[in-house]
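Working notes, beginning with the structure itself.
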There are 2 protein chains.
Amino acid sequence: MEYYREDSAILLAVDCIIFGFNGESLQVLLIKRDFEPERNKWSLMGGFVQPDESPELAASRVLKKLTGLENVYMEQCSVFGDPKREPNSRVVSICYFALIDTQKYTHILSEEYEANWFPLQNYPTLIFDHDQMIASAQHRLRIKAALYPILFELLPEKFTIPQIAALYEGVYNIEFDKRNFSRKLLSSDLIIKLEEKDKENSKKGAFYFKLNTAIYKEKIMSFLRYLPSWFPEN
Amino acid sequence: MEYYREDSAILLAVDCIIFGFNGESLQVLLIKRDFEPERNKWSLMGGFVQPDESPELAASRVLKKLTGLENVYMEQCSVFGDPKREPNSRVVSICYFALIDTQKYTHILSEEYEANWFPLQNYPTLIFDHDQMIASAQHRLRIKAALYPILFELLPEKFTIPQIAALYEGVYNIEFDKRNFSRKLLSSDLIIKLEEKDKENSKKGAFYFKLNTAIYKEKIMSFLRYLPSWFPEN
DNA sequence: ACAAAAGTGTTTTGAATACACCCATGG
DNA sequence: CCATGGGTGTATTCAAAACACTTTTGT
């Protein structure tokens with residue numbers, strides 16, 4: 001029972017903007033394409049949506065293929081569909097951004113793909129409109145992270161408050177008052193203090209914390225910002 | 001020069017969630033489908049993305065076809081792509097929401113399509129996943145309207161403060177303190193007071209205002225909410 | 001000792017909220 | 001003249017921002 005004419009079928013792809021945090025700056029994971037066109041140029045990891053597969057599933061599959069990771073925080077962002085975005089084919093691409101804890105990314109980077117982390121401030125020229133994709137994902141990340149504590153997805157099990165501060169500073173490219181930041185975070189009940197201290201990065205040492213997953217999951221909470229009571233949740 | 005195999009090409013559609021405001025409640029414009037499948041059932045207005053056309057252009061085309069309007073505020077929202085979302089075909093649909101001033105919508109509604117405005121609180125059952133589409137667009141509208149004054153797109157040239165208040169109350173389904181709302185709006189410099197009063201809806205009458213388009217366009221401003229200085233703009 | 005980062009206490013600022021009260025007018 | 005919605009003035013609250021100061025420890 002086909003009702004529609006198939007003559008305007010289009011290739012539909014997903015591209016993954018994979019964000020990571022190395023403790024210092026926000027990074028994005030890029031690959032060197034091993035196929036034509038644009039072979040050997042830097043690009044986002046992507047793939048085609050298969051006939052029996054939802055775009056979300058395609059994005060997860062593509063992410064797993066590169067990183068080996070599953071159950072990763074992913075979010076749909078913009079669709080890029082200009083007819084001329086690829087010179088030789090008509091491909092519409094749905095972008096997803098993923099947030100991963102780089103410590104879980106144990107894949108040998110250059111085994112299958114020549115993949116590499118690059119700082120968001122300074123990554124190589126990418127094929128097609130992939131730079132725009134990153135820019136738009138970054139913008140969305142900023143909006144979302146201001147409303148919800150999703151940046152914790154980028155952190156390992158144990159982390160220190162100065163590390164989170166550095167992460168937020170990296171995402172927004174701004175300097176916070178670390179003292180106020182620390183207090184605000186503590187008062188949110190989102191994090192649980194551990195015994196251990198990180199002595200690597202300072203003389204005094206900063207306490208490690210872990211995420212209070214109950215509060216993290218249950219409460220779709222306002223976080224860094226003041227939100228009026230009528231603001232829509234989730 | 002074709003590089004990709006075309007065997008996984010997919011039908012790509014756009015669906016338009018068209019919001020309007022009749023002075024009382026937020027409305028959505030729906031059509032009765034005049035083609036199979038699901039002929040004569042209520043649905044969003046949609047169409048297929050053509051090979052030479054971007055999704056944005058397709059959405060504008062579809063909107064114009066129904067309403068006759070161009071240069072309308074539109075925004076991409078979610079993609080719906082579950083393989084089983086349409087029972088008989090594989091169609092991935094990109095949603096757009098549009099905000100239109102219903103007074104400009106002069107098209108004779110039932111001429112080509114049997115179109116009708118329905119209140120968002122109470123519209124008929126729709127085909128496929130169109131209810132989800134509306135819900136997701138509504139959510140996005142709420143978020144966006146809290147950050148930017150986009151709801152003015154729904155208002156005619158001349159409007160009163162009580163009208164805007166009603167609009168915001170409709171969007172968030174909440175009651176504001178009209179006195180504070182009014183003051184906040186005035187202090188934003190977004191609106192310019194006119195001489196004339198609307199005497200229809202109250203004995204005292206409410207002054208008409210017009211949008212200060214310079215401020216509206218130029219300033220991507222925080223509006224109803226307190227926004228920290230580091231919050232990403234636009 | 002002292003530099004340097006971690007963290008606490010306290011004050012100031014300003015937006016959001018609450019609400020008393022005046023204004024204009026049609027019935 | 002009074003009920004009704006429009007609108008102003010003023011007080012309160014509470015989080016954000018600012019910043020003085022203490023704590024810890026490697027060098």
Side-chain angles (χ1 to χ4, degrees), chain A residues 23-24 145-149 155 158-169 172 174-209 219 221-232, chain B residues 23-24 145-149 155 158-169 172 174-209 219 221-232:
Chain A
E24 295 222 325
L147 300 172
Y148 310 106
L155 293 167
K158 291 189 309 187
F159 49 81
T160 67
I161 292 184
Q163 275 168 25
I164 319 177
L167 172 53
Y168 274 86
E169 291 186 335
Y172 293 104
I174 206 171
E175 294 244 331
F176 292 110
D177 184 311
K178 315 293 186 299
R179 300 163 290 186
N180 290 334
F181 184 89
S182 156
R183 203 180 350 226
K184 179 144 204 182
L185 206 51
L186 287 167
S187 72
S188 75
D189 283 329
L190 256 176
I191 56 176
I192 298 165
K193 197 178 199 166
L194 304 177
E195 296 300 308
E196 198 185 348
K197 267 190 171 184
D198 162 37
K199 311 281 288 180
E200 303 266 302
N201 298 298
S202 76
K203 290 162 187 175
K204 184 177 175 182
F207 277 105
Y208 278 117
F209 288 80
K219 257 196 192 170
M221 60 184 299
S222 70
F223 176 48
L224 276 178
R225 310 183 46 203
Y226 172 71
L227 296 167
S229 54
W230 48 267
F231 192 80
Chain B
E24 296 223 324
L147 300 173
Y148 311 106
L155 293 167
K158 291 189 309 187
F159 50 81
T160 66
I161 293 186
Q163 275 168 27
I164 321 178
L167 172 53
Y168 273 86
E169 291 186 334
Y172 293 104
I174 206 170
E175 293 244 334
F176 291 111
D177 183 311
K178 317 291 185 299
R179 300 164 290 186
N180 291 333
F181 184 88
S182 157
R183 203 181 349 229
K184 178 143 205 182
L185 206 50
L186 287 167
S187 72
S188 76
D189 283 328
L190 255 177
I191 57 177
I192 298 165
K193 197 178 199 166
L194 304 178
E195 297 300 308
E196 198 184 348
K197 267 190 172 183
D198 163 37
K199 311 280 289 182
E200 302 266 301
N201 298 297
S202 75
K203 292 163 185 174
K204 184 176 177 182
F207 278 106
Y208 278 116
F209 288 81
K219 256 195 191 172
M221 59 183 301
S222 70
F223 176 49
L224 276 177
R225 309 183 46 204
Y226 172 70
L227 296 166
S229 54
W230 49 266
F231 193 81

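Since this is a predicted model, take the numbers as computed values, not measurements. Worth knowing before you read on, the calculation uses all heavy atoms, side chains too, and leaves out hydrogens, waters and symmetry mates. Here is the naming used below: chain letters follow the sequence lines, and residue numbers restart at 1 for every chain.
To the nearest angstrom, P of dA5(C) lies 19 Å from CZ of F176(A). Going from atom CD of E175(B) over to atom P of dG5(D) covers 12 Å, rounded to whole Å. If you take CG of L185(A) and C1' of dA15(D), they are 16 Å apart, rounded to a whole angstrom. Spacing between atom CZ of R179(A) and atom P of dT23(D) amounts to 16 Å, rounded to whole angstrom units. For the pair K178(A) NZ and dC19(D) P, the computed distance is 15 Å after rounding to whole Å. One interatomic measurement links the two molecules: CG of D177(A) to P of dC21(D), which rounds to 16 Å at whole-angstrom precision.
Closest heavy-atom contact between T160(A) and A206(A): CG2-O, 3.7 Å. Summarising the geometry of K204(A) relative to K199(A), their closest heavy-atom pair is O-NZ, 3.6 Å, with the distance given to 0.1 Å.
Stacking of K197(B) on the aromatic ring of F207(B) is recorded, both the 6.0 Å distance cut-off and the 45° axial limit being met.
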Listing time: all N or O pairs from protein to nucleotides 10-14 of chain D that are below 3.5 Å?
residue, atom, partner, partner atom, Å
dT10(D), O4, R183(B), NH1, 3.4

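Contacts of K203(A) classified as side-chain contact (heavy atoms from CB on, under 4.5 Å), with partners at least two apart in sequence or in another chain: none. Under the side chain to side chain donor-acceptor pair (under 3.5 Å) criterion, N201(A) pairs with D198(A), sequence neighbours left out. Remark: K178(B) pairs with E169(B) by the side chain to side chain donor-acceptor pair (under 3.5 Å) rule, at least two apart or across chains.
Considering only side-chain N and O atoms, K184(B) lies under 4.0 angstrom from the phosphate OP1 or OP2 of dA16(C).
Put simply, the side chain of F209(B) does not reach to within 4.5 Å of the side chain of L190(B), judged on heavy atoms. The closest side-chain heavy-atom distance from I191(B) to F159(B) is below 4.5 Å. Side-chain atoms of N180(A) and R183(A), non-hydrogen and from C-beta on, do get closer than 4.5 Å to each other.
Put simply, CZ on R179(B) and NZ on K184(B) are 16.0 Å apart, with the number rounded to the nearest 0.5 Å.
Across residues 194-209 of chain A, K199(A), K203(A), K204(A) each have a non-hydrogen atom less than 4.0 Å from an atom of DNA chain D (numbered order).
Recorded end-axis angle for the helix from dA1(C)-dT27(D) to dG27(C)-dC1(D) stands at 10°, based on five pairs per end and rounded to 10 degrees.
Aromatic ring pairs are classed by plane angle as parallel below 30°, tilted from 30° to 60° and perpendicular above 60°; the pair Y172(B) and Y168(B) is parallel.
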